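Computed from a predicted structure; not experimentally measured. Just so we're on the same page: letters track the sequence lines, and every chain starts at 1.
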Number of protein chains: 2
Amino acid sequence: MYKISDIADKMDVSVDTVRYYDREGLMPFVERDKSGRRVFTDHDLNFIEVIQCMKQAGIPVKEIATFIDWCMTGDETLEQRYDFLADHEQQLETKIQQLEDNLAFLRWKKWYYQTAMEAGTEEIHFLEGTNVVDPNERKRYEQLLADGQLESK
Amino acid sequence: MYKISDIADKMDVSVDTVRYYDREGLMPFVERDKSGRRVFTDHDLNFIEVIQCMKQAGIPVKEIATFIDWCMTGDETLEQRYDFLADHEQQLETKIQQLEDNLAFLRWKKWYYQTAMEAGTEEIHFLEGTNVVDPNERKRYEQLLADGQLESK
DNA sequence: ATACAACCTGAAGTTAACTTCAGGTCAAGG
DNA sequence: CCTTGACCTGAAGTTAACTTCAGGTTGTAT
């Protein structure tokens, strides 16, 4: 048996946030003791894990509530639940790919500033006489990356 | 020369959102034509790219505004800009790792429902006589995954 | 016995990131 | 010439996800 603060710790959120989640329908399974306090069981931890994963994956609270609702309904919603997961698996894959691209861009800009700092000025990356970044600079960086010459940076 | 709608298209947001970004200080570089309309240059596209990347990476608008502000200041802020990027590179790496973990969890749950659907009931995953998920089930899944027996699912 | 930390509720407040609105300017096509 | 669509501003409205507040109850350590 667990109390609300245990769950808050486990989910790495505040106790108030757990109550907020409950209010929004994420925890219809939670029981109360004789004086009205929330009591969570081991069985509930299965749901807590799911909720935490979905939250971190960026799924909105309302959608998670729908999913949990299906869980409470029983075996006739197995397919909806599967489809929900398959759909969000797709979305998450796409999002991770995008973040990988963003990460690659940040790294190139980091190299850009690293080298600019060494030169004392950003101008080394500009097209002759302008303040526009030379598109070849990015290619130069990609080449160095591919050649494994950027290990120390 | 580009107009606001071109930039909106390029960033994949609405024209109103671009104006909002400008208001929040993300585009101090933008010029105006004689009748007050925003005019973007090729030089500005460098910034647009940076802004879009940072937005997608989840960096708050205010922080991006700070970064852009440094860019306008000149070479004396090169170090701040480098540190900013290094810091967010770190954060993004952590976030991607977390999302990978979430993805792995979603996939295991997908398998859980896939097999439950085939059996017609979720009970196949429960500990004898309870409604608690058998922890060995996840291990079973991981084993199948490692053995490459899940290709078609 | 009593204090006090942890719990409760309903409701109001906050923040970020937009979005919508009201009202106005302007350049180009028919 | 005049209509129309793209642009402008300042300000108000919206939404999600919390957070804070006011006021109340209770189990446990001193």
Side-chain angles (χ1 to χ4, degrees), chain A residues 1-41 44 47-48 50-69 88 91 95 98-99 102, chain B residues 1-41 44 47-48 50-69 88 91 95 98-99 102:
Chain A
M1 296 301 183
Y2 311 90
K3 47 193 182 157
I4 195 169
S5 54
D6 298 330
I7 302 302
D9 289 350
K10 226 170 273 253
M11 296 184 76
D12 203 33
V13 299
S14 74
V15 166
D16 281 313
T17 299
V18 177
R19 278 196 281 256
Y20 162 72
Y21 289 160
D22 188 14
R23 227 181 308 134
E24 295 298 305
L26 262 51
M27 297 166 179
F29 47 78
V30 71
E31 307 263 301
R32 302 298 184 113
D33 68 13
K34 61 184 181 320
S35 60
R37 293 178 175 178
R38 288 173 185 80
V39 177
F40 298 79
T41 67
D44 297 343
F47 288 122
I48 297 301
V50 169
I51 292 168
Q52 198 189 359
C53 169
M54 291 183 176
K55 276 260 73 214
Q56 285 175 354
I59 301 176
V61 168
K62 271 184 189 165
E63 280 189 56
I64 304 176
T66 302
F67 183 86
I68 296 288
D69 205 55
H88 285 287
Q91 289 185 35
K95 185 158 146 190
Q98 195 196 52
L99 291 179
N102 294 150
Chain B
M1 297 300 183
Y2 312 89
K3 45 191 185 159
I4 195 170
S5 55
D6 298 329
I7 302 301
D9 288 350
K10 224 169 277 251
M11 298 184 74
D12 204 32
V13 299
S14 74
V15 166
D16 281 313
T17 299
V18 177
R19 278 196 282 256
Y20 162 73
Y21 289 160
D22 188 13
R23 229 182 305 133
E24 295 297 304
L26 262 52
M27 297 166 180
F29 47 78
V30 72
E31 307 263 301
R32 303 297 183 115
D33 68 12
K34 61 184 183 316
S35 60
R37 293 177 176 179
R38 289 173 185 81
V39 178
F40 298 80
T41 67
D44 298 342
F47 288 121
I48 296 302
V50 169
I51 293 168
Q52 198 188 1
C53 169
M54 291 183 177
K55 275 260 75 214
Q56 285 176 355
I59 301 176
V61 169
K62 272 183 189 166
E63 281 189 55
I64 304 176
T66 301
F67 182 87
I68 297 288
D69 206 53
H88 284 289
Q91 289 186 34
K95 184 158 146 190
Q98 193 196 55
L99 291 180
N102 294 149

For this session: Output all residues satisfying side chain to side chain donor-acceptor pair (under 3.5 Å) with Y2(A), sequence neighbours left out; order by chain, then residue number.
Result: D42(A)
Seminar exercise, completed: Taken in chain and number order and not counting sequence neighbours, the residues that satisfy ring pair (Phe, Tyr, Trp, His ring centres under 6.0 Å) with F40(A) are none
Problem set entry | Between CD on residue Q52(B) and CD1 on residue I64(B), distance to nearest 0.5 Å | 10.5 Å
Seminar exercise, completed: The correct set of residues in residues 31-38 of chain A placing a heavy atom under 4.0 Å from DNA chain C is R32(A), G36(A), R37(A), R38(A)
Exercise. Taking for each residue the nucleotide of DNA chain D bearing the nearest heavy atom, is the 5' side occupied by V15(B) or by S14(A)?
Worked result: V15(B)
Exercise. Quick one: on DNA chain D, does K3(B) or R23(B) contact a more 5' nucleotide (nearest heavy atom)?
Worked result: K3(B)
Problem set entry | Pairs touching residues 55-64 of chain A that satisfy side-chain hydrogen bond (donor to acceptor under 3.5 Å, both in side chains), sequence neighbours left out | Q56(A)-N102(B), E63(A)-H88(A)
For this session: Nearest-nucleotide wise, let me know which of I59(B) and D22(A) is further upstream toward the 5' end of DNA chain C.
Result: D22(A)
For this session: Select from I4(A) and T17(B) the residue whose nearest nucleotide in DNA chain C is closer to the 5' end of that strand.
Result: I4(A)
For this session: May I ask you to check whether over 12 heavy atoms, not counting those of Q91(B), lie within 6.0 Å of atom CD?
Result: yes
For this session: Using the heavy-atom set of chain A and a strict 4.0 Å cut-off, write down the first and last nucleotide of DNA chain C that makes it in, 5' to 3'.
Result: dA6(C) to dT9(C)
Exercise. Which heavy atom in P28(A) sits nearest to a heavy atom in G25(A), and how many Å separate them?
Worked result: CD-O, 3.5 Å
Exercise. Where do V18(B) and V13(B) come nearest, in terms of heavy atoms and distance?
Worked result: CG2-CG2, 3.8 Å
Problem set entry | Contact list for residues 13-26 of chain A, test salt bridge (charged side-chain N to carboxylate O under 4.0 Å, His left out), sequence neighbours left out | D16(A)-R19(A), D22(A)-R32(A), D22(A)-R38(A)
